[in-house]
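Take a look at this one; I'll ask things after.
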Protein chains: 2
Amino acid sequence: MATTENTDLQDTAPQGRIRRENRERILKAAELVFAEAGRAGATMADIAERAGLPKANLHYYFGTKEDLYRAVLDNILRLWLAPIDSLRPDADPAAALTAYVAAKMEASRSRPAASKVFANEILHGAAQVQEFLAKDLRRLVDAKAAVIDGWIAAGRMAPLDARQFLFMIWAVTQHYADFNVQVAALLGRKKLTRSDFDRITREVVRMVLRAAGLPEPPPHP
Amino acid sequence: MATTENTDLQDTAPQGRIRRENRERILKAAELVFAEAGRAGATMADIAERAGLPKANLHYYFGTKEDLYRAVLDNILRLWLAPIDSLRPDADPAAALTAYVAAKMEASRSRPAASKVFANEILHGAAQVQEFLAKDLRRLVDAKAAVIDGWIAAGRMAPLDARQFLFMIWAVTQHYADFNVQVAALLGRKKLTRSDFDRITREVVRMVLRAAGLPEPPPHP
DNA sequence: GTCTATATCGCGATAGAC
DNA sequence: GTCTATCGCGATATAGAC
């Protein structure tokens, strides 16, 4: 296919391609290093080494370390919000909650570093995401709490505080990312495998459904 | 009483007193600063300022920054383990779980910084506490899981994976310390008050009991 | 656009007067 | 035992050749 965005008769768009690929490599490396060492403990040299690029390139692409950190966080917030769409008024509560918990557990399994960077940000005061929490996320929580309240009003699940119930789901599912080192140590594992996660996910779903007064896992649709 | 550890006939132990008080002040300040800024982001100058002492005194009392960090963590681990004693084989499951969750929530309310320092340590690989996790804490979890399994075998609560159930309790209760900034923002509060915690604790207890198949909060003993 | 070499600064740690 | 002044390292950031 012909490239569309350029001035003249350049056949490809190598600079755009390379820019994007390098930015992706840096963001991926930065997510891992920020997760391992924390925001202050992470060094530009570590990130550069893991990305396979010289330090100066990081500054060329992202300016300062803080700019890079914000870019990593922005990526994560998008990932973080997506699965909650399962909770819709017309859905079956047990099925919707099962899907939501399973999606959050899968995110904890496949992107633990993302969860850790976010947890670290909140832990230390959420300076970079305070507005996001107070505006966007609060609006989303209000909306999803209303969905749950609707289910309760219709007698489709047990009465409970919808917000605390959502916080419980977040706390439990993210625990398996943020505290994966502890969980593995306490289960006598070196590292949690995919089948560990499958088994744990079934247990977590069962406990969440029971907490909501929905004892039986639904037959999957 | 006479002091025992000294050379001659010193009447009191003023140096011991001052030592202890200064160590306490430093540890308290360090817990707050490590919680706010993370292990790497915390500076000895910040800790000294908050403790109201010159930087050099911190090194006099604790040697290195790492030694100080380990001392803070040791304090926290003791605090962290205490309330789980509620879970005893002969106790009533609902009452024991209620007491345990309430104690963990009270710890989250009164010492959020302690929980945050611990969370931060685990989040970034648990380098300082790996042995503690793999030995002491694992043994403790095994013992308490056996208590819960005993309750289940006796038909006193619903069948579940006792370890995941314990992790759920930790995750949920510690969430209100580690993520207190997020929780407050999402509830539209500036800061969570004691009465917020009282109300939330009742909700959390209810959800935990339901997850364990114990629907009714027990009349308190 | 890429990378080496370096400027600059903040922090941990300590020497040494009191 | 306490505190001031300072050393030295390591990290961010950039200048400038390629």
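The structure presented is a predicted model; accordingly, all values stated were derived computationally and were not measured. Convention: sequence-line order gives letters A, B, ...; per-chain numbering from 1.
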*Over how many whole Å does the gap from A:R25 atom CZ to C:dT2 atom C1' extend?*
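A:R25 atom CZ is separated from C:dT2 atom C1' by 13 Å.
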*asked:* Tell me which residues in residues 48-61 of chain A lie within less than 4.0 Å of DNA chain D, going by non-hydrogen atoms.
replied: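 Close to the strand are A:K55, A:A56, A:H59.
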*For residues 127-146 of chain A, pull every pair meeting ring pair (Phe, Tyr, Trp, His ring centres under 6.0 Å), keeping only residues two or more places apart or in separate chains.*
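Sorted result for residues 127-146 of chain A: empty, none.
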*Does any pair with a residue in residues 19-54 of chain B pass ring pair (Phe, Tyr, Trp, His ring centres under 6.0 Å), and if so which ones, sequence neighbours excluded?*
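Only B:F34-B:Y69 qualify under ring pair (Phe, Tyr, Trp, His ring centres under 6.0 Å).
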*Can you name the residues that form a salt bridge (charged side-chain N to carboxylate O under 4.0 Å, His left out) with B:D46, not counting sequence neighbours?*
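None.
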*asked:* From CD1 of A:I26 over to P of D:dT12, roughly how many Å is that when rounded to an integer?
replied: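 In whole Å, D:dT12 P and A:I26 CD1 are 14 Å from each other.
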*asked:* Side-chain N or O of A:N22 versus OP1/OP2 of C:dG1: is the shortest distance under 4.0 Å?
replied: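 No, because none of the side-chain N or O atoms of A:N22 sits under 4.0 Å from OP1 or OP2 of C:dG1.
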Output a table of nitrogen or oxygen pairs between the protein and nucleotides 8-10 of chain D separated by less than 3.5 Å.
none

*Does the side chain of A:K116 come under 3.5 Å of the side chain of A:N180 through a donor N or O and an acceptor N or O?*
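A pair is found: one side chain offers a donor N or O, the other an acceptor, under 3.5 Å apart.
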_Interatomic distance where CZ belongs to A:R39 and P belongs to D:dA11 [whole Å]_ =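 Taking CZ of A:R39 and P of D:dA11, I get 17 Å after rounding.
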*Any residue meeting side chain to side chain donor-acceptor pair (under 3.5 Å) with B:R25, in chain and number order, not counting sequence neighbours*: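 Result, side chain to side chain donor-acceptor pair (under 3.5 Å) vs B:R25: none returned.
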*Expressed in angstrom and rounded to an integer, what is the separation of A:F62 atom CZ from D:dA13 atom P?*
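A:F62 atom CZ is separated from D:dA13 atom P by 14 Å.
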_Below 30° counts as parallel, above 60° as perpendicular, anything between as tilted: where do the rings of B:W170 and B:F167 land?_
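Tilted: the ring planes of B:W170 and B:F167 meet at 30° to 60°.
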*Provide, to the nearest angstrom, the distance between the NZ atom belonging to A:K65 and the C1' atom belonging to C:dC9.*
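For the pair A:K65 NZ and C:dC9 C1', the rounded distance is 14 Å.
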*Using a 4.0 Å heavy-atom cut-off across all strands, classify B:A40 as base, sugar-phosphate, or nothing.*
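Counting heavy atoms under 4.0 Å across all strands, no contact is made by B:A40.
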*asked:* Salt bridge check, A:D161 against B:R206: does any charged N sit closer than 4.0 Å to a carboxylate O?
replied: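 A salt bridge is absent here (no side-chain N lies under 4.0 Å from a carboxylate O).
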*Measure from CG on A:D46 to C1' on D:dA11 and round the result to the nearest Å.*
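Rounded to the whole Å, the gap is 11 Å.
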*Shortest side-chain distance from A:T64, nucleotide among D:dA13, D:dT2, C:dA13*: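 Shortest atom-to-atom distance from the side chain points to D:dA13.
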_Atom-pair distance (CD1 on A:I47; C1' on D:dT12), nearest Å_ =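 Rounded to the whole Å, the gap is 11 Å.
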_Electrostatic pair A:E24:A:K28 at N-O distance under 4.0 angstrom_ =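 A salt bridge is absent here (no side-chain N lies under 4.0 Å from a carboxylate O).
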*asked:* Between A:D198 and A:S195, is the side-chain hydrogen bond (donor to acceptor under 3.5 Å, both in side chains) condition met? List the steps.
replied: CA-CA 5 Å; A:D198 288 345; A:S195 80; over 6 Å; no
*Name the nucleic acid region contacted by A:D67, choosing base, sugar-phosphate or nothing; use a 4.0 angstrom heavy-atom cut-off, strictly under.*
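The residue A:D67 makes no contact with any strand.
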